[in-house]
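Reviewing the structure listed below.
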Amino acid sequence: MTRPIQIAPSVLPADFSKLGQEVADLEAAGVDLIQWDVMDGQFVPNLTFGPDIIKSARQHCNVPFEAHMMVYTPDVMAKQYIDAGCSRLIVHAEACTHLHRTLANIKELGANAAVALNPATPVSAIEHVLDLVDLVLVMTVNPGFGGQAYISTMEPKIAQVRKMINDSGRGDEIELEVDGGISPTTIAGAAAAGANILIAGSALYRDPEGLEHAVSDLRARAQAAIA
Ligand code: DX5
């Protein structure tokens, strides 16, 4: 069984001078959760949200927060982001020398543990942690910035991960998330390939009919693709 479709924003395109209002607006627009793209300026050439920023936004909405940790030291930072209000941490397989231990530590801290794969990273990297994770994130851009083009050649990889998840026996527990270039023209391919959580940043904020329309339109397109 595949988990239900969820639409989640990246807040990268939001107005950082009023993040409390921005997350309240996203909740009102009907998002299922909010993803914070945490970047350390080393793993990716960009620097974004510290835990205190997320903590201050936490009080302005009730939807779950997840931190997409595009950082080289997730073990050092994990507790701070969980204490800031993130109920799921997504670490990059490429950044973790001891990925199994990192994921186990996140679970011991009381959060959901998830793993992300950059476009060039083979799915074999997650083969031995599917008993630990609650989500696998397949990147459809090279991480670091919003507004990039969707890499459609990742769709067979999404399907591969979906099969691995289902073959693991945890198909009704593990979410398959896709992040990068998700838009009205690309979301159907990602959903049809097996993704059930779709992260959108620029496509949400550039919809001329507003956030609520953007969220419902993306959800409808994803659901139609798997009907
Ligand atoms: C890349 C970021 C982006 C962001 C989504 O590091 O993770 O993928 O979340 O941005 P868009 O939807 O504009 O590609």
Side-chain angles (χ1 to χ4, degrees), residues 7-17 19 22-23 26 31 33-54 57 65-78 80-82 84 86 88-97 99 102-103 106 113-123 125-126 133 135-158 161 175-183 185-187 189-190 193 195 197-207 214 218:
I7 302 297
S10 157
V11 293
L12 274 186
D15 180 343
F16 293 176
S17 72
L19 275 176
E22 294 283 89
V23 296
L26 286 166
V31 300
L33 63 104
I34 290 175
Q35 182 183 96
W36 295 86
D37 285 308
V38 177
M39 302 179 187
D40 64 1
Q42 301 296 319
F43 183 71
V44 292
N46 199 351
L47 200 56
T48 58
F49 311 106
D52 289 347
I53 291 174
I54 295 173
F65 283 179
E66 68 177 23
H68 176 191
M69 307 290 280
M70 290 164 274
V71 302
Y72 269 128
T73 57
D75 295 301
V76 173
M77 301 181 181
Q80 299 171 74
Y81 281 89
I82 294 167
C86 295
R88 173 158 57 215
L89 295 192
I90 306 171
V91 299
H92 269 263
E94 305 87 356
C96 298
T97 306
L99 177 61
T102 296
L103 293 166
I106 290 168
V115 58
L117 298 174
N118 283 334
T121 305
V123 300
I126 60 165
V133 298
L135 178 145
V136 177
L137 166 56
V138 176
M139 293 299 292
T140 45
V141 294
N142 290 293
F145 301 93
Q148 302 178 83
Y150 176 78
I151 304 173
S152 59
T153 53
M154 291 295 112
E155 289 177 0
K157 181 179 178 181
I158 297 167
V161 172
E175 316 279 10
L176 204 176
E177 183 171 295
V178 164
D179 177 0
I182 293 297
S183 73
T185 57
T186 62
I187 194 166
I197 299 183
L198 298 120
I199 305 294
S202 44
L204 287 185
Y205 285 88
R206 70 174 171 233
D207 186 322
L218 287 176

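For the pair Glu177 and Gln35, the minimum side-chain heavy-atom distance is below 4.5 Å. Looking only at side-chain heavy atoms (C-beta outward), Val178 and Ile197 stay at 4.5 Å or farther from each other. Side-chain contact between Leu198 and Leu218 is absent, with no heavy-atom pair separated by less than 4.5 Å. A 4.5 Å side-chain heavy-atom check between Leu135 and Leu176 finds every atom pair outside the cut-off. Here the side chains of Val123 and Lys157 are in contact, with some heavy-atom distance below 4.5 Å. In this structure, the side chains of Asp179 and His68 come closer than 4.5 Å at one or more pairs of heavy atoms. Looking at Leu89 and Met77, their side chains never come closer than 4.5 Å, going by heavy atoms from C-beta outward. Looking at heavy atoms from C-beta onward, Ile7 lies in side-chain contact with Ile187 at the 4.5 angstrom threshold.
The CG atom of Leu137 sits 10.0 Å away from atom CD1 of Ile158, with the distance rounded to the nearest 0.5 Å. Taken to the nearest 0.5 Å, the OH atom of Tyr81 stands 8.0 Å off from the SG atom of Cys86.
Closest approach of Ile182 to Ala203, counting heavy atoms only: O-CB, 3.2 Å. Closest heavy-atom contact between Leu26 and Val11: CD1-CG1, 3.7 Å.
Screening Val71, Leu47, Val44 for a side-chain contact (heavy atoms from CB on, under 4.5 Å) with Val38, the sole residue that qualifies is Val71.
Sorted by first then second residue, the side-chain hydrogen bond (donor to acceptor under 3.5 Å, both in side chains) pairs that include residues 138-152, not counting sequence neighbours, are Tyr150-Glu155.
Partners of Ala149 under the side chain to side chain contact (heavy atoms under 4.5 Å, CB included) rule, at least two apart in sequence or in another chain, do not exist in this structure. In this structure Glu22 satisfies the salt bridge (Lys or Arg N to Asp or Glu O under 4.0 Å) test with no other residue, sequence neighbours excluded. With sequence neighbours excluded, the residues forming a side chain to side chain contact (heavy atoms under 4.5 Å, CB included) with Ser10 are Leu12, Pro13, Asp37, Ile199, listed by chain and number. Residues satisfying the side chain to side chain donor-acceptor pair (under 3.5 Å) criterion with Asp40, sequence neighbours excluded, are absent altogether. Applying the side chain to side chain contact (heavy atoms under 4.5 Å, CB included) rule to Ile53 yields the partners Leu19, Trp36, Phe49; only residues at least two apart in sequence or on another chain are considered. Partners of Tyr205 under the side chain to side chain donor-acceptor pair (under 3.5 Å) rule, at least two apart in sequence or in another chain, do not exist in this structure. Qualifying salt bridge (Lys or Arg N to Asp or Glu O under 4.0 Å) partners for Glu66, counting only residues two or more places apart in sequence or in other chains: Arg88. For Ser183, the side chain to side chain donor-acceptor pair (under 3.5 Å) partners are Thr185, Thr186, not counting sequence neighbours. Judged as a side chain to side chain donor-acceptor pair (under 3.5 Å), and not counting sequence neighbours, the contacts of Ser17 are Asp15.
Listed for the Asn46 side chain is no donor-acceptor partner under 3.5 Å among the backbone atoms of Gly41.
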Inset, instruction - Using the side chain to side chain contact (heavy atoms under 4.5 Å, CB included) rule, take Val91 and Leu103 through it: C-alpha gap first, then chi angles, then the decisive distance, then the call. - result: CA-CA 8 Å; Val91 299; Leu103 293 166; 3.9 Å; yes
Exercise answer: donor-acceptor pairs, residues 114-121 side-chain atoms, under 3.5 Å, sequence neighbours excluded:
{"from": "Asn118", "atom 1": "OD1", "to": "His92", "atom 2": "ND1", "distance (Å)": "3.3"}
{"from": "Thr121", "atom 1": "OG1", "to": "Glu94", "atom 2": "OE2", "distance (Å)": "2.5"}

